[in-house]
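Note sheet for the following structure.
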Amino acid sequence: MQDKKYIRNFSIIAHIDHGKSTLADRLLELTGAVEIGGHEEQLLDDMELERERGITIKSHAVKMDYESPDGATYELNLIDTPGHVDFAYEVSRSLAACEGALLIVDASQGIEAQTISNLYLAIDNDLEIIPIVNKIDMISARPEDVAVDIAELIGCDLGDVILVSARTGEGIQAVIDAVVEKIPPPVGEAKNPARALIFDSFYDPYRGVVVYVRLMEGEIKHGDTIRFFASGKEFEVNEVGCLRLNLEKTSSLSAGEVGYLMASIKNVQDARVGDTVTTLANPAESPLPGYREVKPMVFSGFYPSNPDDFEGLRSALEKLQLNDASLIYEPETSAALGYGFRCGFLGLLHLEITQERLFREYGLDLVATVPNVEYEVYLENGEMIPVENPAKMPDPLEIDHIEEPFAEAEIITPHEFVSPVMGLVKERRGEYIATEFVDPNRVMLRFSIPLSEVIFDFFDKMKTVSRGYASFDYYITGYKRADLVKLDVRVNGDLVDTLSIIIHRERTYDWGQKLVSKLKELIPRQMYEVVIQAAIGSRVISRARRAPLRKNVTAKCYGGDISRKRKLLERQKEGKRRMKMVGSVEIPQEAFFAILKIER
Amino acid sequence: MGYGCYIHVPFCPGPAKCPYCAFYSVPYESGLAENYVEAVLGHAGRLEPPKIDTLYFGGGTPTVLDIRLLTRLIDGLKNLLPLNELIEFTVECAPDTVEPEIFSELAARGVNRVSIGVQAFEEGVLRSLGRRHDVPKALRAFDILRNFPVDISIDLIYGVPGQKHADWQNTLARTIALRPEHVSLYCLSYEPGTPFTRKLAEGKIFRTTEENDEEMYRTAVEILKSNGYEHYEISNFAANGRVSLHNMKYWTGEGYVGLGPSAHGYYPGPPVWSRFAAIDDIRGYIQAIERERDPIGEREELSLALRLEEFLMLGLRLIEGFSRDDLKRQIPEIDADRVIEMLEPLISAGFLEMRSGNIKLPDERLFISDSVILRALELTDLDIKTPPGF
């Protein structure tokens, strides 16, 4: 067992692309955890998707041994955090497992909105902040200016800001020195009742769930019976260890240490991030503070392109859920798309990643419906029903009012883009709250905005209007009343249930128009005329007409080649089978995809 | 009725074939042609067909064959196949290959029908199509053929990029003035692998609109019909009942043998119904015959479901459609009444009609026949289970 005074637990806070993963790689090299050069870049992002998208989706942790010039060997536990707002709760739990955090800011880009919100999370968790300006070797770098801004932001001495180039390795030693000198060692006693904070867990098909924990108090060892506070379930520990690049078995984990445990747990739902683990041998009376059940915020219907894949989709979702406690799903049926699942996600990125993984890892081609948030619908009789599927919206006559989730959002932008950014915010029904100055050139705008407006291409739009300079973060604040209606799409009078959306009344005309013209483009000519309508209840607000097919004829069957002609017809028939039938109208799957791409 | 016999002559005068054509052909080489003729005769020698009453030389361009080879081929076939009850003998040709010497030999050997690839009577359209002949050559070819006791069929193409409606009317008018016994129409289609399809993808030519093509088709139907031509199949018109008997076999489920590379054959049962395609490579075909191997590249045995598919697909191409008795005769194993019942939704929606006991496409639906046929196949599908949720 390591003497606690030589343990340092820390994480890294950074905006996307500010060099978090590269800096982590350098720390691993300098402490000898990996050899210099001989490895893939960004060691901690081990999902293919993480490397591709340049974002960390899951938390990771690694233990490094550092031999200090004073002769002592320090145990440095780096807990890497997810880099996207969808996973804000996971970030907060990772931070809660640490005593300190490296705050990395890009020397050219400066402080970004996400840096600030994560910094606040770190400060809330009483972490010692080590400010770092990274990428000082870039031509566009302004390390001194950025250092001043950081010093002001966190209220430290300018001299405390470490200038680093993770790419060249410059300044990395100073980072390690600061970790050792400034971050306090953990407190907590091995003899106290055991309390371990779960900051991540994943499912291993051979060993069951591997739970990443930080021992706050007490001790957990092989053979202990442990209990999870949230689920109340008990398991017998069959392995504990520390986190190297691979798992390294040890005899026990005690207060202050970071490591993993395994206990033949079959389901990640039983070892949720933020929950507390205790032992029956030395049980704690209460869990650590801060646990909450993560609720999905964004919902979408997932339908297999090929109806035969329905069972395959079910089993793939089951498998993904083994590893993703925040993914929820339940079967639903659509008249247009057949059998599928209503799935709930933490955010749009989580949705996209899930869809991408279903495609890559399970070969499932999906039609996803327009994502939406969960609404609270208050009926005339006073009852409130949550609605996460537009198709389930009650009859308008029964509805008293509808509330939708709101978020408080922060945008950091250079002065010159304040006006277009505000324009965008207003367009998205945002309400301005305040302006704060971040540095001489930039301000932070705070406002309240419906979540539904944020989850669609808001981020991309904001990048466009600010030429890439503005950054953005948000957190959900609660529900507010809004003038919302359900907009339906009908083809030749038949409802296309999966295209219904819940939308603000003022936006219905614009959306209806775009939707209807897009569909007109995408629905192929058919034997009949097809009339496409967007309607609120029975009131049509937009309409387009697809003229009937005029030509589909094989001119000649030359030379008696009947098979060829028949195969052509069979191919057409195959193509038709992939279409979705709504009444007598055939709608190609691309039409359902295209709706997702319509600009709001 | 006897069998038909189709002989594919896979040669074109070259150097390049027409840029829209996807049928199998190679530039003419006399040595290769010689071996080809022997191979076809070798192939014919292996067959034991029932009597054959229609013979059709298609291509390619059959008349590009040296006349010595052409006569050798015909004489050889006459020795090998039961052709003594031959009633129709068609040879396809291109206008620039029509010479009196050739056709006197052919007529002497029983050719009584010539299908000529005129395509258009406008120089501009002919150039767009990359044809080797011009209008005077087409007229000269027609005049030569008229001196022989043969029915003449003229092939025309419409829906060509740049072809104006007035061009098409002019082509139709000049066609009618010549009074051919038969006219076939062909709407330009973009076949995979052809230069036209490539140009289309590169944006060098533009597809005509559905409306344009339909209008041209309707114009042709109207003009030909009002000038005494019977519209008997979607793309075919005949004066005085001179329909193509050989082609009718394709549409009515009769048998035919196919000789030459890529030629297709059909042997209806009972007990089995099979389609064949010869190897679609001239050297491969010749080699197979020389080495006494099977010259058939593909063969397919038709299930009951496929026979019904083909019956509907082909029967509905005929303007008079098909009768309950036709269906009973061709597929006795199937409940004809049930099939016709299944087509009811198309009849009540006006996409099919019942006329004097026949089920047929109404005239105004002919140009979307593939869509209607597709729907008919879906309605009568014997194999497919309905997918869940629909």
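All heavy atoms count here, side chains included; hydrogens, waters and symmetry mates do not.
Taking B:Tyr266 as the reference, nothing meets the ring pair (Phe, Tyr, Trp, His ring centres under 6.0 Å) condition, with sequence neighbours excluded.
No other option in A:Lys551, A:Glu570, A:Arg525 has as many heavy-atom pairs under 4.5 Å with chain B as A:Lys551. For the set A:Asn306, A:Leu568, A:Leu549, the count of heavy-atom pairs under 4.5 angstrom toward chain B peaks at A:Leu549. Comparing B:Ser262, B:Ser369, B:Gly58, B:Gly265 by how many heavy-atom pairs each has under 4.5 Å with chain A, the most go to B:Ser369.
Residue B:Ile373 touches chain A through its side chain alone, counting heavy-atom pairs closer than 4.5 Å. Both the backbone and the side chain of B:Ser371 come within less than 4.5 Å of a heavy atom of chain A. Heavy atoms closer than 4.5 Å to chain A are found nowhere in B:Tyr217, neither backbone nor side chain. Proximity to chain A is absent for every atom of B:Ala277, based on heavy atoms less than 4.5 angstrom apart. Using a 4.5 Å cut-off between heavy atoms, A:Gln526 makes no contact with chain B at all. Heavy atoms of B:Ile157 lying under 4.5 Å from chain A are absent altogether.
Counting non-hydrogen atoms of neighbouring residues, nucleotides and ligands closer than 6.0 angstrom, the CD atom of B:Glu298 reaches no more than 12 such neighbours.
B:Tyr56 pairs with exactly one of B:Glu92, B:His246, B:His8 by the side chain to side chain donor-acceptor pair (under 3.5 Å) rule, that one being B:Glu92.
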For this session: Run the numbers on A:Phe341 and A:Phe310 for ring pair (Phe, Tyr, Trp, His ring centres under 6.0 Å), then give the verdict.
Result: CA-CA 9 Å; A:Phe341 293 93; A:Phe310 175 73; 5.0 Å; yes

Exercise. Going through the distances and angles, do A:Phe345 and A:Phe299 end up as a ring pair (Phe, Tyr, Trp, His ring centres under 6.0 Å)?
Worked result: CA-CA 6 Å; A:Phe345 306 94; A:Phe299 299 82; 8.1 Å; no

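There is no side-chain donor-acceptor pair under 3.5 Å between B:His231 and B:Asp363.
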